[in-house]
Amino acid sequence: MMSLPNILTLSRIVTLPLLAFLLWWPDWQWGYLMAFGLYCLMGITDYFDGYIARSSGAVSKLGQFLDPIADKIMVATVILVLAAQGVLRGPFVGDMHVIAGLVILAREIAVSGLREFLGGLQVSVPVSRLAKWKTTFQMVCLGSLILGHALPWWNVTLGGLTMNVPHTVGLTTLWAAAALTVVTGWDYLRVGLKHMD
């Protein structure tokens with residue numbers, strides 16, 4: 001019988017098509033508001049599946065396999081849909097915000113491959129504190145970008161420039177996450193290089 005943590009993890013994966021559907025129309029404010037609620041719920045299940053597994057001693061190989069995959073698929077889905085629908089656009093650099101999203105995706109793929117390679121050598125790479133900060137910025141930025149389109153009227157004007165508050169927070173933390181992505185990715189790569197011929 002499947003444990004509760006694994007059910008919570010699978011629920012995130014199964015819910016992704018609905019999240020992508022709700023994000024597909026950037027002008028549909030109610031859709032983005034529902035997507036924000038769903039995204040927050042998925043984040044809560046992400047926290048609780050790990051917490052329950054550790055506190056109840058129900059850590060399983062299936063959970064260790066599924067949890068990072070569920071996280072990466074969720075991040076990739078949101079970044080790709082937001083990029084496709086022009087949400088990763090903002091002041092000063094326009095569409096260049098997509099580059100930050102690409103950096104995050106490239107790192108996730110590279111680190112997954114590196115972990116698979118090192119797993120074959122039975123070398124584990126623990127998650128660093130900086131990587132946890134990267135994940136926090138990543139989750140905040142994507143949630144803020146979704147919320148910005150759900151609440152297009154939440155604006156402030158600074159120096160003659162009108163900005164949507166959550167969208168601006170989202171773009172700022174997107175770049176912060178991308179910067180930490182590069183740093184933590186390099187840290188993982190340095191560990192991996194020690195085990196390569």
Side-chain angles (χ1 to χ4, degrees), residues 5 9 12-13 16 19-20 23 39-40 42-47 49-51 53-54 59 61-90 92-146 148 166-197:
T9 302
R12 293 205 310 279
I13 296 171
L16 281 171
L19 181 64
L23 293 174
Y39 178 82
C40 290
M42 293 168 86
I44 290 167
T45 63
D46 183 26
Y47 171 78
D49 63 12
Y51 175 78
R54 287 187 299 273
V59 176
K61 291 188 192 286
L62 178 63
Q64 289 174 330
F65 167 72
L66 283 178
D67 189 58
I69 288 176
D71 296 344
K72 286 171 177 38
I73 294 173
M74 183 173 82
V75 167
T77 298
V78 175
I79 287 176
L80 287 172
V81 175
L82 293 183
Q85 300 310 321
V87 176
L88 298 186
R89 183 178 291 141
F92 307 115
V93 295
D95 289 341
M96 296 281 285
H97 295 290
V98 172
I99 292 172
L102 290 174
V103 167
I104 290 170
L105 291 179
R107 183 264 192 194
E108 296 297 352
I109 294 167
V111 169
S112 294
L114 183 61
R115 282 186 181 277
E116 186 177 342
F117 167 75
L118 293 175
L121 300 175
Q122 288 167 4
V123 175
S124 74
V125 183
V127 177
S128 68
R129 182 168 293 189
L130 206 55
K132 290 179 180 177
W133 274 106
K134 183 270 306 178
T135 301
T136 301
F137 276 122
Q138 210 167 258
M139 300 309 279
V140 168
C141 84
L142 297 179
S144 297
L145 289 168
I146 294 169
H167 188 75
T168 303
V169 168
L171 292 177
T172 305
T173 50
L174 178 71
W175 283 101
L180 289 176
T181 283
V182 172
V183 173
T184 57
W186 173 246
D187 286 343
Y188 285 129
L189 183 60
R190 277 191 311 172
V191 171
L193 288 173
K194 294 176 184 174
H195 300 279
M196 295 180 190
D197 296 328

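Quick caveat, the model's predicted, so the values are computed rather than measured.
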Quiz: residues 133-146 side-chain donor-acceptor pairs under 3.5 angstrom, not counting sequence neighbours:
residue: K134; atom: NZ; partner: E108; partner atom: OE2; Å: 2.9
residue: T135; atom: OG1; partner: A131; partner atom: O; Å: 3.1
residue: T136; atom: OG1; partner: K132; partner atom: O; Å: 3.0
residue: S144; atom: OG; partner: V140; partner atom: O; Å: 2.8

Show the nearest heavy-atom pair for residues [X] and [Y], with the distance to one decimal.
| X | Y | answer |
| --- | --- | --- |
| A70 | I13 | CB-CG1, 3.7 Å |
| L174 | A100 | CG-CB, 3.7 Å |
| R89 | L171 | O-CD1, 3.8 Å |
| A20 | T77 | CB-CG2, 4.0 Å |
| A177 | I104 | CB-CD1, 4.0 Å |

Drop me the distance from [X]'s [atom1] to [Y]'s [atom2], to the nearest 0.5 angstrom.
| X | Y | atom1 | atom2 | value |
| --- | --- | --- | --- | --- |
| L23 | L16 | CG | CG | 10.0 Å |
| D71 | M42 | CG | CE | 9.5 Å |
| M74 | I69 | CE | CD1 | 14.5 Å |
| M96 | L102 | CE | CG | 11.0 Å |
| L88 | L82 | CG | CG | 5.5 Å |

> Per the side chain to side chain contact (heavy atoms under 4.5 Å, CB included) rule, which among V183, L189, T184 passes with R107?
Replying inline: T184
>> According to side chain to side chain donor-acceptor pair (under 3.5 Å), does anything in residues 168-182 pair up with another residue at least two apart or in another chain? List the pairs.
In response: H97-W175
>> Please evaluate residues I109 and K72 with respect to the criterion side chain to side chain contact (heavy atoms under 4.5 Å, CB included), reporting the C-alpha separation (whole Å), side-chain torsions for both, the decisive distance (0.1 Å), and the verdict.
In response: CA-CA 9 Å; I109 294 167; K72 286 171 177 38; over 6 Å; no
> Side-chain contact, heavy-atom cut-off 4.5 Å: V81 with L19?
Replying inline: no
> Just wondering, do I79 and V98 contact through their side chains at under 4.5 Å, heavy atoms?
Replying inline: no
